[in-house]
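Reading through the structure tokens given below for one structure.
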Number of protein chains: 2
Amino acid sequence: MQVLPPALTDLIDAFGALPGVGPRTAERYAYYLVRHNTDAPAKLISGLQDLRGGIGYCRKTFALISSDQELSDLYTDPRRDKTTIAVVAEPFDLVALEKTGQFHGTYHVLGGLVSPIDGVGPDQLHIAELVARIDDDDVKEIILATNASVEGESTALYIQQQIGDRDVKITRLARGLPIGVDLEYADQITLGRALEGRQTL
Amino acid sequence: MQVLPPALTDLIDAFGALPGVGPRTAERYAYYLVRHNTDAPAKLISGLQDLRGGIGYCRKTFALISSDQELSDLYTDPRRDKTTIAVVAEPFDLVALEKTGQFHGTYHVLGGLVSPIDGVGPDQLHIAELVARIDDDDVKEIILATNASVEGESTALYIQQQIGDRDVKITRLARGLPIGVDLEYADQITLGRALEGRQTL
């Protein structure tokens, strides 16, 4: 007996393949589209169709670009300082840094972090390409903007080793108290790092 | 300057139209589809395409059906007892009741609940059609399986008034302690209803 039409259960299954979407959430998405007569399904269809073949990676920075481009605007724009590179794990990390409006260098997307548990070794990341850029673009500073996690820290350490004694300043994002958080609610490790990195006024 | 390719931002916007999906979740869905080379985008596209014109409402029960059907299997199947109707607010409530495996009657989907705040009046719900079914199908019992909320209760009360003095038994789902919940964690209203509806052993 059909409790729900197959067209709907297929869509629920398809939504269920998205990360973090369980059966209830998938049902909610599908039923929303059935119930509300909007252009949302059409927009989703066209967005998904454009995805296939429409998106590529910049061959210098590995940022996401339209497949009709070769290099990201974040690299080619003359206002960007090619001698400063912020190294991030994933393409969306770069969006977060851009939103600060305080960074005017270029980026290098690693495509992940070293994580033996998930079977990700340093060879799978764009680390060799980063080292090559140091020589190609006469890079003066590498900002290791990886996550403040074990994987982020160990990837940063590995990159530092790979850069070796090249004449380039290596920095990383400051660790410390997030703005707006009370001292009493900060975890021990963050507080420890904030102490270590204390600055003179 | 393009931080993300337009094909990707379009898809992020499209995901953002789904209920409860904020910009971060939309980014996560889109990036997952970029990153993982699966058939998920194709399945979503075909599911969304089938949605348009592929889904209709049973003209008796208002359950969701394929548009090539006229009536839901839950109504036409000879094993279903047409003289018992469970009245639910939304099509997915019926799925929840079906999963119990304990109900063998048919359903009637109201298409919402009376809610003056949301501008939903009784005329927008399939209440007249329910009353018509009582005579058409010689209905013996109406189970008001609406939510245990203010809207659910007031809709149930309104339906009861509309049925009036027709010769049909009107019941509603029992209110009481959910299975597996400790008495001390039950809220006052639930506990009050559980007391009111206490049963002799």
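We name chains A, B, ... by the order of the sequence lines, and we start the count at 1 in each one.
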Looking at [options], which one has more heavy-atom pairs under 4.5 Å with chain A than the rest?
{"options": "A40(B), P6(B), P19(B), G47(B)", "value": "P19(B)"}
{"options": "V21(B), I65(B), I12(B)", "value": "I65(B)"}
{"options": "G111(B), A63(B), P91(B)", "value": "P91(B)"}

Residue pair [X] / [Y], side-chain heavy-atom distance below 4.5 Å:
{"X": "L94(B)", "Y": "V109(B)", "value": "yes"}
{"X": "L4(B)", "Y": "V95(A)", "value": "yes"}
{"X": "L64(B)", "Y": "V34(A)", "value": "yes"}

Problem - Other residues, nucleotides, ligands: >12 heavy atoms within 6.0 Å of L195(A) CG - result: yes

For the [atom1] atom of [X] and the [atom2] atom of [Y], what is their distance to the nearest 0.5 Å?
{"X": "L48(A)", "Y": "L48(B)", "atom1": "CG", "atom2": "CG", "value": "7.0 Å"}
{"X": "I134(B)", "Y": "I85(B)", "atom1": "CD1", "atom2": "CD1", "value": "7.0 Å"}
{"X": "L11(B)", "Y": "L51(A)", "atom1": "CG", "atom2": "CG", "value": "5.5 Å"}

How about the chain B/chain A donor-acceptor pairs under 3.5 Å, what are they, with distances?
unit_1	atom_1	unit_2	atom_2	d
Q2(B)	N	D73(A)	OD2	3.1
Y29(B)	OH	Y29(A)	OH	2.7
Y31(B)	OH	E90(A)	OE1	2.6
R35(B)	NH1	E90(A)	OE1	3.2
R35(B)	NH1	E90(A)	OE2	3.2
R35(B)	NH2	G111(A)	O	2.8
D73(B)	OD2	Q2(A)	N	3.1
E90(B)	OE1	Y31(A)	OH	2.6
E90(B)	OE1	R35(A)	NH1	3.2
E90(B)	OE2	R35(A)	NH1	3.2
G111(B)	O	R35(A)	NH2	2.9

